[in-house]
Amino acid sequence: MRSARWWSREADGRILCTLCPRLCRIGEGQAGFCFIRQVKDGELVTLGYGRTTGFAVDPVEKKPLNHFLPGTSTLSFGTAGCNLGCRFCQNWDISKAKIDDARSAIAMPEDVVELAVNQQCPSMSYTYNDPVIWAEYVIDLARAAKARGLASIAVTAGYVTAEARGELFADIAATNVDLKAFTEGFYSKVTLAHLEPVLDTLIWLRRSTRVWLEITNLVIPGLNDDEGETRALARWVNAELGPDVPVHFTAFHPDYKLTDRPRTPPETLSRARRIAIEEGLHYVYTGNVHDRAGGTTFCPRCKEALVARDWFDILDYRLDRGACGKCGMPIAGVWPDEPVRPRRARRRSLGLAP
Ligand code: SF4
């Protein structure tokens, strides 16, 4: 248990947490919506610091990031709890768990960095549950990683206040932000959060930081798969963030409290991708399906296939130091100097190490 940041005391004695836009008012002995921030002896504490629910070595493409150190592995882990209440949560066993209920191990930042180095991972990913709610731990992890030359990746819903986001992302190299829908109705009913703060985070990331940004939109049949909504989302991304921010339209599978919907048909994802390309986005992907075209990075100018993928596997790589190998157009992203060899992606669970 550690002292938490970003809070103040209300006139009635309750603590106001200002880490995320939920702005929980928390009484003595109680926890906020995310479970892992509690009031003890009149102070806000975090139960998430140094408590992980397990480590895995994932392909970076699984985050998903297609334009950041492709073909590399990333040490991936999370804690318990979440600050959103998504009815379709695909990691609900940890996001809905209290830290005492979740299997967890103590892992200080330096130990985690050592593990990443030993596993030959050039990056660490804060993922599985939302790293916003364990911001104090993320900040120390990212600083320790940077000191050893490792990159940090945040996989997040972007539901964080302007007050906290600067420090949270200070040493983060790349992020995938889950833009869950493009309507307030979906956000308020299905995620128990709001759209506007997420859009605000996206604009801030793109315009005020050097963090590499990609966006995921999980497409759920009947809830956020309307053509007009997809077009509005893509148009907004192009206008506010620019055409070079990659967007991943990924397939939903029934889970947690949303089991009355079918899996997303591949055609729906292909349609979303087509719409986003029509709206001018340069790099649009489908995810959680086998779709060679939808997984491939094409040159926006000459249309050459530059990085061919199937799911998380890299099949072919034709970038030359970050530029199109055919016409020379620079491709947005963080690319290695050396060509990436085709590789089959593997995921390895490390359990509760270190
Ligand atoms: S971080 Fe947790 S406690 Fe703080 S406002 Fe958000 S949900 Fe509430």
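Both counts, for ligands and for their atoms, begin at 1 and track the order of listing.
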Per-atom filter on ligand 1: closer than 4.0 angstrom to a heavy atom of R22 are 7 (S)

Exercise. So, T18 versus T161: side-chain donor-acceptor pair below 3.5 Å or not?
Worked result: no

Among non-hydrogen protein atoms, atom 8 (Fe) of ligand 1 lies closest to C24 SG, 2.2 Å

Per-atom filter on ligand 1: closer than 4.0 angstrom to a heavy atom of N83 are 7 (S)

Polar contact flag, side-chain donor to acceptor under 3.5 angstrom, K63-S76 | yes

Logged contact type for I36 with ligand 1, heavy-atom cut-off 4.0 Å, is neither

**Request:** Would you tell me whether N217 and H248 have side-chain atoms, one donor and one acceptor, within less than 3.5 Å of each other?
**Result:** no

Atom 1 (S) of ligand 1 has as its nearest protein heavy atom R37 CD, 3.5 Å

- Task: Please determine, by modelled atom types, if D225 and T268 share a side-chain donor-acceptor pair under 3.5 angstrom.
- Result: no

A student checking ligand 1 against G32 at a 4.0 Å heavy-atom cut-off should list atoms 3 (S)

- Say whether D58 and S73, considering side chains only, have a donor N or O and an acceptor N or O under 3.5 Å apart. no

Discussion item. Less than 4.0 angstrom from a charged side-chain N to a carboxylate O is my criterion; do R274 and E227 meet it?
Written reply: no

Between T79 and W134, do the side chains contain a donor N or O and an acceptor N or O under 3.5 Å apart? yes

Of all protein heavy atoms, the one nearest atom 6 (Fe) of ligand 1 is C20 SG, 2.4 Å

TODO: Answer yes or no for C34: is there an N/O/S atom below the 2.8 Å cut-off from atom 4 (Fe) of ligand 1?
DONE: no

of all protein heavy atoms, closest to atom 4 (Fe) of ligand 1 is C17 SG, 2.3 Å

